[in-house]
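Just below is one structure, and these are the notes that go with it.
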Number of protein chains: 2
Amino acid sequence: MPNNQFKRGELYSFITGMASTAVARRLQKNFKQAGIEITIEQWSVLYHLWKQDGLSQQELCKQSFRDKPSITRLVDNLEKLKLVKRVPSKDDRRINLVYLTEDSKKLQYETMDMANQTLNEALDGVSSSDIEMCKAVLQKVYDNLK
Amino acid sequence: MPNNQFKRGELYSFITGMASTAVARRLQKNFKQAGIEITIEQWSVLYHLWKQDGLSQQELCKQSFRDKPSITRLVDNLEKLKLVKRVPSKDDRRINLVYLTEDSKKLQYETMDMANQTLNEALDGVSSSDIEMCKAVLQKVYDNLK
DNA sequence: TTTGAATAGTTGCATAACTAACTATATGCC
DNA sequence: GGCATATAGTTAGTTATGCAACTATTCAAA
């Protein structure tokens, strides 16, 4: 039995990612209390656009670890909310470039503050070296299954 | 700035739990390849029943970190698949006790093997002390937000 | 003993996920 | 040029999640 064998009783919470789910739920709740009517999933798409505006849907798939239909619908819903705009690429007509609107640019600082605050709350009492180690393990897990 | 402040570029993957999502997806794929037609979420409910049969829906909520409507519907679907059976409690008529069927008892060893194998694959190259530390961090995060 | 609060579970509505199958455009080889 | 293949994105169907509102049963205090 390899020394990294998981004990059965610990399987479930690892698989469901209860911790990250809890963070996402809390952040969602904080958004709602502040009157910000977007979902965490929509926010996570905006997050990548704040880093770099005008990404293609395909690039959003990669960066947000989602498949194409998921991004199609998230962008659909963000477009309905007038938070992004699809612009067909001139170089390649298959490609939609997704751009922020003025409304969504305004959302950035308020929601990023809230997200940082929520994460700090979540990580209260956890040392930064433990956080680093934890992130490294999660990345390794992700890479192992790629 | 507290020493456990998250850097912005790392927010997203933590919040979405990409690692645990990847494990769940892989296990789902393995089930499918083996001709086992249940979802990971359904499996996770069975998992708790294998540990202790005859739990109430409320107890399933707590153990699987889900809310009541989610458990109601998972049990609905498991019942359609004839993998569990609701039995009203004699002591308290509000309570449904959820019992495994012969079919789902048979699923246990095959799927647990698959789950352990998938986790070992996911954790390849990660030391057991790192796994312990990682689990401790995730538990702490969960508790911080409770 | 009755009334009000708490608990167990269900239902409806909106959003999101995965798979598979589809359209449209681009690329590359003959 | 023309056809096969790859790539970008959409659509359809099923399942799952979160929230809010609901019913039914139990419990506890006036």
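Just so you know, these numbers use all the heavy atoms, side chains as well, and skip hydrogens, waters and symmetry mates. Convention: sequence-line order gives letters A, B, ...; per-chain numbering from 1.
Taking atom CG of residue Asn96(A) and atom P of nucleotide dT25(C), one finds them 12 Å apart after rounding to whole Å. Rounded to a whole Å, the CG atom of Asp91(A) is 10 Å from the P atom of dA26(C). Look at CZ on Arg93(A): it is 15 Å from C1' on dT27(C), rounded to the nearest Å. The interatomic distance linking Glu37(B) (CD) with dT19(C) (C1') rounds to 12 Å, in whole Å. Rounding to whole angstrom units, CG of residue Asp67(A) and P of dA16(D) are separated by 17 Å. Protein atom CZ of Arg86(B) is 12 Å distant from nucleotide atom C1' of dA8(C), rounded to whole Å. If you take CG of Leu60(B) and P of dT17(D), they are 13 Å apart, rounded to a whole angstrom. Between the CD1 atom of Ile95(A) and the P atom of dT10(D) there is a distance of 12 Å, rounded to whole Å.
Residues forming a salt bridge (charged side-chain N to carboxylate O under 4.0 Å, His left out) with Glu102(A) (at least two apart in sequence, or on another chain): Lys105(A). Partners of Thr72(A) by side chain to side chain contact (heavy atoms under 4.5 Å, CB included), not counting sequence neighbours, listed by chain and number: Gln57(A), Asp76(A), Arg86(A). Take Asp67(B) and apply the salt bridge (charged side-chain N to carboxylate O under 4.0 Å, His left out) test, not counting sequence neighbours, and it matches no residue. Looking at residues two or more places apart in sequence or on another chain, you find a side chain to side chain contact (heavy atoms under 4.5 Å, CB included) between Asp130(A) and Val126(A), Ser127(A), Met133(B), Val137(B).
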Distances under 3.5 Å between nitrogen or oxygen atoms of protein and nucleotides 12-16 of chain C:
from: dG12(C); atom 1: N7; to: Arg73(B); atom 2: NH2; distance (Å): 2.7
from: dG12(C); atom 1: O6; to: Arg73(B); atom 2: NH1; distance (Å): 3.1
from: dG12(C); atom 1: O6; to: Arg73(B); atom 2: NH2; distance (Å): 3.4
from: dA16(C); atom 1: OP1; to: Thr39(A); atom 2: OG1; distance (Å): 2.5
from: dA16(C); atom 1: OP1; to: Gln42(A); atom 2: NE2; distance (Å): 3.2
from: dA16(C); atom 1: OP2; to: Asn77(A); atom 2: ND2; distance (Å): 2.5

Any chance you could list the contact pattern along nucleotides 2-7 of chain C? Use B for base contacts, S for sugar-phosphate-only contacts and - for none, protein heavy atoms under 4.0 Å, 5' to 3'.
-> ----BB

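Side chain of Thr21(A), nearest nucleotide from dG9(D), dG18(D), dT11(C): dG18(D). Closest to the side chain of Thr72(B), out of dG9(C), dA20(C), dT11(D), is dG9(C).
Between Ile71(B) and Lys68(A), the residue anchored nearer the 5' end of DNA chain C, judged by the nucleotide with its closest heavy atom, is Ile71(B). With DNA chain D read from its 5' end, the first of the two nearest nucleotides for Lys29(A) and Leu97(A) is the one closest to Leu97(A). Both Lys32(A) and Gln57(A) lie close to DNA chain D; mapped to their nearest nucleotides by heavy-atom distance, the more 5′-ward contact belongs to Gln57(A).
Not one side-chain nitrogen or oxygen of Gln28(B) sits closer than 4.0 Å to the OP1 or OP2 atom of dT19(C).
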